[in-house]
Amino acid sequence: MLHRKDSDLGGAGEPPVVTVGSLDRYDGKVVRLRGWLYQGRSSGKIAFLMLRDGTGIVQCVAGRADVGDEMFDTARHATRESAIEVTGAVKKDDRAPGGFELLLSAFDVVSAAAEFPIGKKSHGTSFLMDHRHLWLRSKRPHAILRIRSTVSLAIRSFFDREGFTLLDAPIFTPAACEGTSTLFETDYFDTKAYLTQSGQLYMEAGAMAFRKVYCFGPTFRAEKSKTRRHLTEFWMLEPEMAYADLDDAVELAEHMVTDVTRVVLDRNAADLELLERDRSKLEAIAPPFPRITYDEALAILAEKGMAVKWGDDFGGDDETVLAESFDKPVFVWKWPKEAKAFYMKSDPDDDRYVLGVDLLAPEGYGEIIGGGERTDDLAYLEKQIDAHGLEPESFAWYTDLRRYGSVPHSGFGMGLERFVGWLCGTHHVRETIPFPRTINRLYP
RNA sequence: UCCUCGGUAGCUCAGCUGGUAGAGCAAGCGGCUGUUAACCGCUGGGUCGUAGGUUCGAGUCCUACCCGGGGAGCCA
């Protein structure tokens with residue numbers, strides 16, 4: 001890695017410093033490991049010490065007769081999560097978790113840890129989240145956040161291959177983008193600024209300049225939501241394409257979801273296994289995803305005894321029931337105008353509808369994507385801004401986009417945490433972000 | 001904002017029709033040479049969310065408030 005190899009880190013004649021993740025290359029060799037004591041067990045004559053170094057966990061074995069009384073007692077009394085450096089011979093052994101263990105010849109405490117708050121037995125989520133900075137060292141958060149990392153990388157790689165330009169949207173914004181959600185307000189010198197709730201409008205400007213663009217960054221919603229699907233700060237991916245219609249956006253979404261899912265299946269097999277995720281549910285993901293209209297969705301819901309009034313959005317239970325009718329994510333498109341945002345394009349076949357689309361994830365994970373075709377008609381857009389009670393001056397730059405070479409354009413927004421939550425099978429999205437922000441959590 | 005469940009040891013929880021506070025884990029000490037959330041023994045550890053009220057007596061019953069979990073609304 002970088003300019004130094006593992007083995008260069010040792011001094012002359014000293015065993016090489018390596019990582020747990022690469023131990024299989026050193027079977028039979030003496031190596032050094034630097035990490036933290038994840039857990040220890042001992043009897044009077046033999047101690048088993050689990051060393052964690054961020055790349056994996058390995059069992060280190062110390063026999064009193066082999067290492068001497070002083071080192072043996074140091075090792076068995078070391079507190080959990082103490083920083084340690086060990087030297088030993090790598091040995092394949094089926095009794096060791098992971099298949100390899102280290103037969104210790106040296107054990108040094110780099111920094112002794114105080115009593116670690118997170119114990120070996122169960123804890124409540126609230127307690128664990130209060131100690132999120134320490135909880136990150138545990139296996140489950142580690143697996144989920146490694147998958148999140150893969151997803152971020154796979155998304156950027158997908159859009160790069162597809163010819164998109166990454167165009168970062170601003171986080172400070174002068175006014176509401178959509179006018180519906182509650183915004184976080186901040187002092188901005190002598191005026192007020194708001195934290196962005198969507199980069200979409202800026203992406204529309206970008207699409208007219210770069211043709212295909214996307215932004216991928218934090219988004220803020222001051223909604224007082226207390227559900228497993230909501231955070232006040234979350235990451236959103238928002239691609240936008242010029243000369244593109246609703247079908248183009250739908251195809252882009254299903255290919256991206258499929259591509260990213262396959263990368264995770266390939267790269268994070270061990271993490272998915274630790275999370276006890278049913279791989280077959282993810283392996284089934286392939287284009288095309290089923291597409292149903294809003295009206296067809298209402299019919300399915302009515303069949304299952306869940307009456308939704310025409311014009312209303314679906315609730316969490318409705319989404320779950322709908323998604324359960326399919327084994328892949330399902331697109332719901334062509335929505336009643338009143339259920340969607342002001343910038344949505346009218347359905348040319350029936351102006352009671354707009355060309356919006358949601359993607360519902362399977363297994364009750366709900367809406368992970370919302371998007372559609374935006375209106376390219378200046379007069380219609382101005383009418384909609386007025387009808388929604390928005391200030392035209394705030395949207396002057398946005399309406400300009402329809403004044404200077406307006407073309408059909410489409411895109412969508414995807415909530416990263418909901419997507420990762422579905423891939424990982426987590427119960428709550430707060431586990432899918434390193435330091436979650438919710439209505440009553442701003443710490444740590 | 002509304003509905004619902006909860007708040008007892010550092011953590012996870014038990015505590016019945018009201019009668020002076022319990023377990024497991026963690027911590028400390030001791031034992032054990034192949035453990036897998038090791039096991040066995042001993043020790044220390046409490047303003048029962050807060051404030052009132054009922055009662056001879058409240059963790060337990062009543063009222064208000066505070067805090068948290070889940071859900072609705074809203075949304076990704």
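We name chains A, B, ... by the order of the sequence lines, and we start the count at 1 in each one. All values below were derived from every heavy atom in this structure, side-chain atoms included, with hydrogens, water molecules and symmetry-related copies excluded.
- The aromatic ring centroids of Tyr202(A) and Trp397(A) lie less than 6.0 Å from each other.
- In this structure, Phe159(A) and Tyr214(A) have parallel ring planes: the angle between them is below the 30° cut-off, well short of the 60° mark.
- In this structure, G59(B) forms no base pair with any nucleotide, since neither Watson-Crick nor G-U wobble geometry is met with both distances under 3.5 Å.
- Among the protein residues, Gln59(A) comes within range of the nucleic acid bases, having at least one heavy atom under 4.0 Å from a base atom.
- Nearest-nucleotide positions on RNA chain B place Arg441(A) closer to the 5' end than the other of Glu319(A) and Arg441(A).
- Using a 4.0 Å heavy-atom cutoff across all strands shown, Leu231(A) reaches at least one base atom of the nucleic acid.
- Ring centers of Phe314(A) and Tyr294(A): under 6.0 Å apart, within the cut-off.
- A distance of about 15 Å separates the C1' atoms of G24(B) and G45(B), rounded to the whole Å.
- Contact detail for Met236(A) and Thr219(A): the closest heavy-atom pair is CB-OG1, 3.4 Å.
- Arg430(A) comes within 4.0 angstrom of sugar-phosphate atoms only, judged by non-hydrogen atoms across all strands, and of no base.
- To the nearest angstrom, P of A76(B) lies 8 Å from CG of Asp358(A).
- Nucleotides A14(B) and A21(B) have their C1' atoms positioned 11 Å apart, rounded to a whole Å.
- Using atom C1' as the reference point in both G7(B) and U60(B), the two lie 15 Å apart (nearest Å).
- Within 4.0 Å of Glu101(A), counting heavy atoms only, lies at least one base atom of the nucleic acid.
- The side chain of His123(A) lies closest to C11(B) when the candidates are G34(B), C11(B), C75(B).
- Asp245(A) and Ser410(A) share no donor-acceptor pair across their side chains, judged by distance under 3.5 Å alone.
- For Arg76(A), whose side chain is taken as the heavy atoms from C-beta onward, the closest listed nucleotide among C32(B), C75(B), U33(B) is C32(B).
- If you take atom C1' in C61(B) and the same atom in C48(B), they sit 15 Å apart, rounded to whole Å.
- Atom NZ of Lys226(A) is separated from atom P of C67(B) by 10 Å (rounded to the nearest Å).
- RNA chain B is contacted by both Val429(A) and Asp318(A); Asp318(A) maps to the nucleotide lying nearer its 5′ end (nearest heavy atom per residue).
- In the interface, the side chain of Arg418(A) is paired with the base of C75(B) through a donor and an acceptor atom under 3.5 Å apart.
- Here Asn440(A) lies in heavy-atom contact (under 4.0 Å) with sugar-phosphate atoms only.
- In this structure, Arg352(A) is not positioned above the aromatic face of Trp335(A) in the sense of NZ or CZ being under 6.0 Å from the six-membered ring centre and within 45° of the axis.
- Using a 4.0 Å heavy-atom criterion, one finds that His428(A) contacts the sugar-phosphate atoms exclusively.
- In this entry the distance linking CH2 of Trp135(A) with P of U12(B) reads 12 Å, nearest Å.
- For U20(B), there is no paired nucleotide, since no Watson-Crick or G-U wobble pair has both relevant distances below 3.5 Å.
- The nearest whole Å value for the distance from the CG atom in Leu183(A) to the P atom in C75(B) is 13 Å.
- Base pairing of A72(B) is made with U1(B), judged by Watson-Crick or G-U wobble geometry with both donor-acceptor distances under 3.5 Å.
- Taking the side chain of Glu367(A) as heavy atoms from C-beta on, and the options U12(B), G70(B), A76(B), the nearest nucleotide is A76(B).
- Contacts with RNA chain B (heavy atom under 4.0 Å) in residues 46-53 of chain A: Ile46(A), Phe48(A), listed by number.
- Nucleic acid contact for Phe234(A): base, since at least one base atom lies under 4.0 Å from a heavy atom of the residue.
- Within 4.0 Å of Gly366(A), counting heavy atoms only, lies no atom of the nucleic acid at all.
- If you take CD1 of Ile439(A) and P of G68(B), they are 9 Å apart, rounded to a whole angstrom.
- Of all nucleotides present, none satisfies the Watson-Crick or G-U wobble test against G46(B) with each distance under 3.5 Å.
- One finds a side-chain N or O of Arg229(A) lying less than 4.0 angstrom from the OP1 or OP2 phosphate oxygen of A72(B).
- G6(B) and C67(B) make up a base pair, with Watson-Crick or G-U wobble contacts both under 3.5 Å.
- If you take CZ of Arg95(A) and C1' of U33(B), they are 11 Å apart, rounded to a whole angstrom.
- Taking atom CG of Asp130(A) as the reference point, atom P of C11(B) lies 10 Å away to the nearest angstrom.
- To the nearest whole angstrom, the two C1' atoms, one in G70(B) and one in U8(B), are 22 Å apart.
- When distances run from any side-chain atom of Ser225(A) to the nucleotides U12(B), C74(B), G71(B), the shortest one goes to C74(B).
- A salt bridge links Arg291(A) to Glu254(A): one of the charged nitrogens lies within less than 4.0 Å of a carboxylate oxygen.
- Within the 4.0 angstrom heavy-atom criterion, base atoms lie near Pro97(A).
- Taking the six-membered ring where the residue is Trp, Phe127(A) and His131(A) present tilted rings, their angle falling between 30° and 60°.
- Nearest nucleotide to the Arg228(A) side chain, out of U33(B), C75(B), G70(B): G70(B).
- Residue contacts for Met414(A): at a heavy-atom cut-off of 4.0 Å it reaches no nucleic acid atom on any strand shown.
- Using a 4.0 Å heavy-atom cutoff across all strands shown, Ser42(A) reaches at least one base atom of the nucleic acid.
- Inspection of the Arg262(A) and Thr258(A) side chains reveals no N or O donor paired with an N or O acceptor under 3.5 Å.
- Closest contact between the side chain of Lys45(A) and the listed nucleotides G68(B), A76(B), U33(B) involves U33(B).
- Distance Trp422(A) CH2 to A76(B) C1': 15 Å, rounded to the nearest Å.
- In this structure, Asp69(A) pairs ionically with Arg64(A), as a charged nitrogen and a carboxylate oxygen lie closer than 4.0 Å.
- An OP1 or OP2 oxygen of A37(B) is reached within less than 4.0 angstrom by no side-chain nitrogen or oxygen of Arg80(A).
- With A76(B), G34(B), A27(B) as the choices, the nucleotide that has an atom nearest any side-chain atom of Arg221(A) turns out to be A76(B).
- Between Glu273(A) and Arg279(A), no side-chain nitrogen of the basic residue sits less than 4.0 Å from a carboxylate oxygen of the acidic one, so the salt-bridge criterion is not met.
- When Watson-Crick and G-U wobble pairs are counted only if both distances are under 3.5 Å, C39(B) pairs with G31(B).
- Using a cut-off of 4.0 Å between Lys/Arg side-chain N and Asp/Glu carboxylate O, Arg32(A) and Glu85(A) are scored as salt-bridged.
- The residue Gly63(A) sits apart from the nucleic acid: no heavy atom pair falls under 4.0 Å.
- Here G34(B) is the nucleotide among C32(B), G34(B), A27(B) with the atom lying nearest to any side-chain atom of Lys91(A).
- The Arg41(A) side chain lies nearest to U35(B) when the options are U35(B), G68(B), C29(B).
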